Every structure is written in structure tokens, then in C-alpha cells.
Undergrad: 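Here's a structure for you.
Starting from 1, each residue takes its place in the sequence as its number. Not measured: the values here are computed from a predicted model.
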Amino acid sequence: MSILDSIKEAEQMAQKIKQDATLQVRELVLNTEQEANSLSAQMISDAQKKADAYLIDAKIRAEEKTKGFLAQKSAQDKITAALAEEKSDAAVHYIVERIDQL
């Protein structure tokens, strides 16, 4: 085998190694990209589930606070109405007296 044949053979081997390496890198990049896409999709799904759970929890707590607030206001309104009822006779009597004095 001549030196020229040896050089050609070495160049062909180098080209084959380069092609194999390029294919391996492409495959690695594609696999990594697929894994990244899958992982990001899973992360987004998990985040959406957590957000949904937080929203449900916030809605429940808001409803409970609203019920408590409305119950408190209703009790206050009943007390105010009862006080107004108690004082209505006196108020009417006072108004009638003032009208009579005119």
C-alpha cells in the first residue's frame, strides 16, 4: 500500500468518523429537545393544576368570609331595626308635640 493510498484511506476514515459524530450529535440534540419539551409540558401541567387548586381554595375561603360578613351585617341590621322600633313611638310622639306647638 502506498503512502497516497494510506492518506486516502485515513481521509475516508476521518470523513466516516465525522459523519458518525454528526449523526450522534443530531440524535442527541433531538432527544434532548424532546425531553425538554416533555418536561416543560409536564411542568406547565403541574403549575396549572396547582393554580386551579389555589383558585378553588381561594373561592371557598372568599365564600366563607362573605357568609360570615353577611351574617354579621344581618345581625347588626336586626339590632338597628329593633332599636328603631323601640324609639319609633317616642319619635312619633315628639313629632306630634312639635306639630301641636306650632
Side-chain angles (χ1 to χ4, degrees):
M1 180 185 280
S2 72
I3 293 178
L4 188 58
D5 289 338
S6 295
I7 292 173
K8 285 183 181 181
E9 187 178 324
E11 285 177 348
Q12 289 174 348
M13 287 176 59
Q15 184 66 27
K16 175 74 170 135
I17 291 171
K18 182 180 174 184
Q19 288 173 347
D20 289 346
T22 301
L23 289 175
Q24 288 176 352
V25 168
R26 282 187 189 152
E27 187 176 318
L28 180 62
V29 168
L30 286 174
N31 288 340
T32 303
E33 185 178 2
Q34 289 173 347
E35 288 176 23
N37 287 338
S38 177
L39 181 60
S40 66
Q42 184 61 45
M43 290 172 71
I44 289 170
S45 176
D46 291 347
Q48 185 64 47
K49 288 176 185 175
K50 286 181 181 179
D52 290 345
Y54 287 135
L55 287 174
I56 290 169
D57 184 53
K59 183 179 178 184
I60 290 169
R61 285 187 285 140
E63 288 173 355
E64 289 172 354
K65 285 186 178 187
T66 300
K67 286 178 185 177
F69 177 77
L70 291 176
Q72 180 185 4
K73 288 299 178 185
S74 177
Q76 289 174 347
D77 288 348
K78 287 178 183 177
I79 292 169
T80 303
L83 291 173
E85 183 82 28
E86 288 176 14
K87 296 186 180 199
S88 66
D89 288 339
V92 170
H93 182 67
Y94 174 77
I95 292 169
V96 171
E97 282 182 6
R98 295 295 284 172
I99 291 174
D100 287 342
Q101 291 176 1
L102 294 175

Undergrad: Would you check if the side chain of Thr80 reaches a backbone N or O of Gln76 as a donor-acceptor pair within less than 3.5 Å?
TA: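 Yes, Thr80 side chain to Gln76 backbone: donor-acceptor pair under 3.5 Å.
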Undergrad: Measure the CG-CD distance between Leu55 and Gln48 for me, rounded to the nearest 0.5 Å.
TA: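 So the CG of Leu55 and the CD of Gln48 are separated by 8.5 Å.
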Undergrad: I would like to know whether Lys73 and Asp77 meet salt bridge (charged side-chain N to carboxylate O under 4.0 Å, His left out); could you show each step before the answer?
TA: CA-CA 6 Å; Lys73 288 299 178 185; Asp77 288 348; over 6 Å; no
Undergrad: Would you say that Lys16 contacts Gln12 through its side chain, given a criterion of any heavy-atom pair below 4.5 Å between the two side chains?
TA: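 They are not in side-chain contact.
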Undergrad: Just how far is it from atom NE2 of His93 to atom CD1 of Ile95, taken to the nearest 0.5 Å?
TA: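 It is 11.5 Å, given to the nearest 0.5 Å.
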Undergrad: What's the spacing between Ile44 CD1 and Leu39 CG if we round to 0.5 Å?
TA: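 Answer rounded to 0.5 Å: 10.0 Å.
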Undergrad: Can Gln24 and Asp20 be counted as having a side-chain donor-acceptor contact under 3.5 angstrom?
TA: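 No, no side-chain donor-acceptor pair sits under 3.5 Å.
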Undergrad: Do Ser38 side-chain atoms and Gln34 backbone N/O form a donor-acceptor pair below 3.5 Å?
TA: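 Side chain of Ser38 to backbone of Gln34, a donor-acceptor pair under 3.5 Å: no, none is there.
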Undergrad: Mind checking the CD-CZ spacing from Glu64 to Arg61? Nearest 0.5 Å is all I need.
TA: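 Between atom CD of Glu64 and atom CZ of Arg61 there are 9.0 Å.
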Undergrad: Calculate, to the nearest 0.5 Å, the distance between atoms CD and CG belonging to Glu35 and Asn37 respectively.
TA: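 Answer for the CD-CG pair, Glu35 versus Asn37, is 10.5 Å.
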Undergrad: Keeping Ser88 on the side-chain end and Glu85 on the backbone end, is there a donor-acceptor pair under 3.5 Å?
TA: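 Here the side-chain-to-backbone pair exists.
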Undergrad: Is the number of heavy atoms from other residues, nucleotides or ligands within 6.0 Å of CG (Leu30) greater than 12?
TA: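 Above 12, so yes.
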Undergrad: Going from OG1 on Thr32 to CD on Glu27, what distance comes out if it is rounded to the nearest 0.5 angstrom?
TA: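 If I round to the nearest 0.5 Å, the distance is 10.0 Å.
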Undergrad: Ignoring hydrogens and angles, tell me if any N or O in the side chain of Ser45 forms a donor-acceptor pair with the backbone of Ala41 under 3.5 Å.
TA: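 Such a contact is absent between Ser45 side chain and Ala41 backbone.
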Undergrad: Test of understanding: with salt bridge (charged side-chain N to carboxylate O under 4.0 Å, His left out), list the residues that count as partners of Asp46, not counting sequence neighbours.
TA: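 None.
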